[in-house]
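Proteins come first, then strands; the chains are lettered A, B, ... in the order of their sequence lines, and each starts at number 1.
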Number of protein chains: 2
Amino acid sequence: MLSDVMEDYLKGIYDLQREGGAPVETSLIAGSLDVTAPTVTSMMEKLEERGLVAREKYEGVELTDEGETVAVEIIRHHRLLEAFLVDHLDYEWTEVHEEADVLEHHISEEFEERIAERLGDPTVDPHGDPIPEATLEPPTADETRPLGEFAVGDCVVVARVRDRDEDELEYLAEAGIVPGRRLVIEEKAPIGMLTVSHGDGQQNLPDEVAGTIRAQTVDVDTEEQSDARHVTEL
Amino acid sequence: MLSDVMEDYLKGIYDLQREGGAPVETSLIAGSLDVTAPTVTSMMEKLEERGLVAREKYEGVELTDEGETVAVEIIRHHRLLEAFLVDHLDYEWTEVHEEADVLEHHISEEFEERIAERLGDPTVDPHGDPIPEATLEPPTADETRPLGEFAVGDCVVVARVRDRDEDELEYLAEAGIVPGRRLVIEEKAPIGMLTVSHGDGQQNLPDEVAGTIRAQTVDVDTEEQSDARHVTEL
DNA sequence: TTTATGAATTAGACTCGTCTAAACTCTCAC
DNA sequence: GTGAGAGTTTAGACGAGTCTAATTCATAAA
Ligand SMILES: [Mn+2]
Ligand SMILES: [Mn+2]
Ligand SMILES: [Mn+2]
Ligand SMILES: [Mn+2]
C-alpha cells in the first residue's frame with residue numbers, strides 16, 4: 001500500500017512538525033531525509049494525492065490526520081523494536097536505532113503486538129522517547145524541555161536523549177547522561193556551552209547537544225517512574 | 001548492495017536447482033516468483049552481470065558459488081526467523097512463513113547472530129527444514145525422501161513439511177503429520193493418493209501433497225534427535 | 001529435410017524514487 | 001515599489017523492476 005520510502009517521509013514530517021510547527025518547508029524535509037528539494041516536491045505531490053498531507057505551494061506541508069496516524073504507527077514500530085532489541089536480544093542502547101529504522105517498515109501488525117506484549121506494553125523506549133499507544137492516538141505534548149532552556153541552579157532529571165548518533169550516545173552514556181539521571185545546571189557559558197553536574201562530577205555540553213537532551217524539573221511524583229536502567233549499569 | 005527482489009530470485013533459483021537440477025529455465029523461475037518470462041530474462045541479465053548466475057541463452061541459468069552463498073544466507077535468515085518467531089514470540093508454526101519471507105531481507109548480520117545465539121544455534125526450523133551454518137557452506141544433500149517414494153509397508157519418520165501454505169500446514173498439524181512423527185505407508189492408490197497411518201489413525205494424502213512431505217526410514221540413531229515438539233502439542 | 005509448436009528473448013512502455021538544470025515565486029531591503 | 005536573493009517548483013533524465021506484444025530460437029513431428 002505505502003512504500004517504506006513514503007513512510008519515512010511521513011515520519012520525518014511528523015518530527016519536523018513537532019519541533020518547528022506546521023507548515024513544514026520543502027528544504028527542511030530535504031535536509032532531514034538527505035534528498036534534494038525537487039525530490040521532496042514530487043513526493044509531496046504524491047502524498048497530497050493520497051490524502052496524507054495538506055500542501056500549500058511554496059509554503060510547505062502539514063500532515064492530515066491520516067498522515068499523522070501513519071507516522072505514529074511507524075514511530076510505535078520503531079520504539080517498540082528498539083526496546084525489544086535491548087531487552088530481549090542484548091543490544092546496546094547505542095546501536096538499536098539503525099536496525100529499528102529498517103525493520104519499522106517491514107514488521108506485521110502481528111509482530112508489533114507480540115513484541116509489545118512480550119515487553120509488557122512499555123511506555124518509553126531505551127532513549128526515553130515515549131512509545132505511542134496501540135490506538136495510534138497522537139501523544140499529547142510532553143512536559144519535558146531541552147536542557148538549554150533551564151536556568152542555572154535548576155535541578156532536573158533527564159527524560160530523553162537523541163538516538164540518531166551512535167558515537168554521541170556512547171559518549172553520553174559514558175558521561176552518565178542517561179534517562180533517569182539527575183543533573184544540576186551549573187553554568188551557561190556565552191560560547192555556546194552548558195555545564196551540568198551529577199554525583200560523579202561535571203560535564204560540559206555544546207548547546208547543539210544540550211538542545212537535544214530533554215529533561216524535567218525534579219519532582220517527587222515523577223522521580224519514581226523514571227527509567228533508571230542505564231544508571232545502574234555505570 | 002543487493003535488492004530484496006534480487007535476493008528472492010537467487011533464493012528461488014536455489015530451490016529450483018535443488019529440486020530439478022541445473023540449468024534452471026526461465027519459465028520455472030517465472031512461475032516460482034509469479035512474474036512474466038521477460039521479467040525473468042532481464043533480471044537474469046543483471047544477475048549474470050554481477051556474477052551471481054551463469055547463463056546460457058535459451059537454456060537457463062545456474063547459480064555461481066557467489067550466488068549460491070547469497071541464497072544460502074537468505075535461507076539461513078528465513079529459517080532462523082521462523083524458529084525465533086515460534087520459540088520466542090508465540091507464533092504458530094503455520095503462520096511464520098510470510099513474516100520470515102519479508103524480514104529475511106531486512107535483518108542485519110548482528111540480528112542474525114543474536115537470534116541464532118538466543119535459540120542455541122538450532123539446526124532445523126519449525127517445519128523440519130535444515131538451517132544452514134553461519135559459515136554459509138552449502139548444506140550437503142539430505143537423506144530424506146518424499147513420502148511418495150517409499151514403498152507400501154515402510155515405517156518412516158516425518159522430517160520436513162512444506163511451509164508455504166498456511167491452510168495446508170494447519171490441516172497437516174491437525175492430522176498429526178508433523179516433523180518427528182512416525183508413519184506407516186499403508187497404500188498407494190492408483191488415483192494419485194497415498195494412505196499413511198500412525199497411532200491416532202489413518203490419513204489420506206493427494207500425491208501432490210505427499211510429494212512435499214519428506215521422511216526417513218525409521219532408524220534408532222536418528223529417532224532420538226527428531227523434533228517432537230509438535231507431536232506433544234496434539 | 002522441412003516445418004510447426006512452445007519457449008525465450010527483444011522491443012517498447014510504464015511507475016517509482018531519485019537527480020541536475022532551468023524557471024519561477026516570495027519576501028525583504030533599499 | 002522594485003529588485004535581489006533565497007527557496008520552490010518545473011522540466012527532463014535515469015535505473016530498477018515490471019508488463020504486453022512482437023520476434024527469434026530450439027526441437028520434435030512429419
Ligand atoms: Mn525508516
Ligand atoms: Mn529511540
Ligand atoms: Mn523473501
Ligand atoms: Mn520453514
Side-chain angles (χ1 to χ4, degrees), chain A residues 1-14 16-17 19-63 67 70-71 74 101-102 104-106, chain B residues 1-14 16-17 19-63 67 70-71 74 101-102 104-106:
Chain A
M1 186 77 15
L2 232 45
S3 72
D4 52 350
V5 174
M6 284 178 174
E7 290 176 349
D8 271 338
Y9 276 89
L10 293 172
K11 193 173 62 142
I13 294 166
Y14 179 89
L16 293 168
Q17 211 167 274
E19 282 170 31
V24 179
E25 289 103 39
T26 302
S27 54
L28 278 179
I29 301 170
S32 124
L33 292 177
D34 202 29
V35 296
T36 61
T39 301
V40 173
T41 298
S42 87
M43 181 58 80
M44 290 311 105
E45 285 166 347
K46 282 174 207 157
L47 294 179
E48 188 183 26
E49 189 78 21
R50 293 189 187 224
L52 298 165
V53 304
R55 193 167 104 91
E56 202 68 56
K57 249 188 176 180
Y58 291 99
E59 300 279 312
V61 294
E62 181 169 4
L63 292 177
V70 173
I74 301 303
D101 228 16
V102 176
E104 63 187 4
H105 309 289
H106 303 291
Chain B
M1 184 79 11
L2 232 45
S3 71
D4 51 350
V5 174
M6 283 178 174
E7 289 177 350
D8 271 337
Y9 276 89
L10 293 172
K11 194 174 64 142
I13 295 165
Y14 179 89
L16 292 168
Q17 210 168 275
E19 282 168 31
V24 179
E25 289 105 39
T26 302
S27 54
L28 278 179
I29 301 169
S32 124
L33 292 179
D34 200 30
V35 293
T36 60
T39 300
V40 173
T41 299
S42 88
M43 181 58 79
M44 291 311 106
E45 286 168 354
K46 282 174 208 159
L47 294 178
E48 186 183 26
E49 188 78 19
R50 293 189 186 225
L52 297 165
V53 304
R55 191 166 107 93
E56 201 68 56
K57 249 188 175 179
Y58 292 99
E59 300 279 311
V61 295
E62 181 169 5
L63 293 177
V70 173
I74 301 302
D101 228 16
V102 176
E104 63 187 5
H105 309 289
H106 303 291

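Between B/Val35 and B/Tyr9, some side-chain heavy-atom pair lies under the 4.5 Å cut-off.
Within 4.0 Å (heavy atoms only), B/Met6 reaches sugar-phosphate atoms of the nucleic acid but no base atom. Within 4.0 Å of A/Thr41, counting heavy atoms only, lies at least one base atom of the nucleic acid. Using a 4.0 Å heavy-atom criterion, one finds that B/Glu45 contacts the sugar-phosphate atoms exclusively.
For residues 21-30 of chain A, there are no side chain to side chain donor-acceptor pair (under 3.5 Å) pairs, not counting sequence neighbours.
Rounded to whole Å, atom P of C/dG17 lies 13 Å from atom CG of A/Leu33. Between the C1' atom of C/dG17 and the CG atom of B/Asp4 lies a distance of 15 Å, rounded to the nearest Å. A straight line from CD of A/Glu59 to C1' of C/dC24 spans 15 Å, rounded to a whole angstrom. Taking atom CG of A/Asp8 as the reference point, atom C1' of C/dC16 lies 15 Å away to the nearest angstrom. With rounding to whole Å, B/Glu48 atom CD is found 16 Å from C/dA8 atom P.
The existence of a salt bridge linking A/Asp4 and A/Lys11 is excluded, since no basic side-chain nitrogen approaches an acidic carboxylate oxygen closer than 4.0 Å.
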Could you list, one pair per line, each protein nitrogen or oxygen that sits under 3.5 Å from a nitrogen or oxygen of nucleotides 18-23 of chain C, together with the distance?
unit_1: C/dT18; atom_1: OP2; unit_2: A/Tyr9; atom_2: OH; d: 3.1
unit_1: C/dC19; atom_1: OP2; unit_2: A/Thr36; atom_2: N; d: 3.0
unit_1: C/dC19; atom_1: OP2; unit_2: A/Thr36; atom_2: OG1; d: 3.0
unit_1: C/dC19; atom_1: OP2; unit_2: A/Thr39; atom_2: OG1; d: 2.5

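Residues passing the side-chain contact (heavy atoms from CB on, under 4.5 Å) test with B/Ala22, sequence neighbours excluded: B/Gln17, B/Glu62. In this structure, A/Glu59 has no salt bridge (charged side-chain N to carboxylate O under 4.0 Å, His left out) partners at least two apart in sequence or on a different chain. Scanning for side-chain hydrogen bond (donor to acceptor under 3.5 Å, both in side chains) contacts around A/Thr39 gives A/Thr36, with sequence neighbours left out.
For the side chain to side chain contact (heavy atoms under 4.5 Å, CB included) criterion with A/Val61, the lone passing option out of A/Ile29, A/Leu47, A/Val40 is A/Ile29.
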side-chain contact (heavy atoms from CB on, under 4.5 Å) assessment of A/Leu33 paired with A/Val5: CA-CA 10 Å; A/Leu33 292 177; A/Val5 174; over 6 Å; no

Apply side-chain contact (heavy atoms from CB on, under 4.5 Å) to residues B/Val53 and B/Leu10 and explain how you reach the verdict. CA-CA 8 Å; B/Val53 304; B/Leu10 293 172; 4.2 Å; yes

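Taking 4.0 Å as the cutoff to heavy atoms of chain A, we find the contact window on DNA chain D bounded by D/dG7 to D/dT10.
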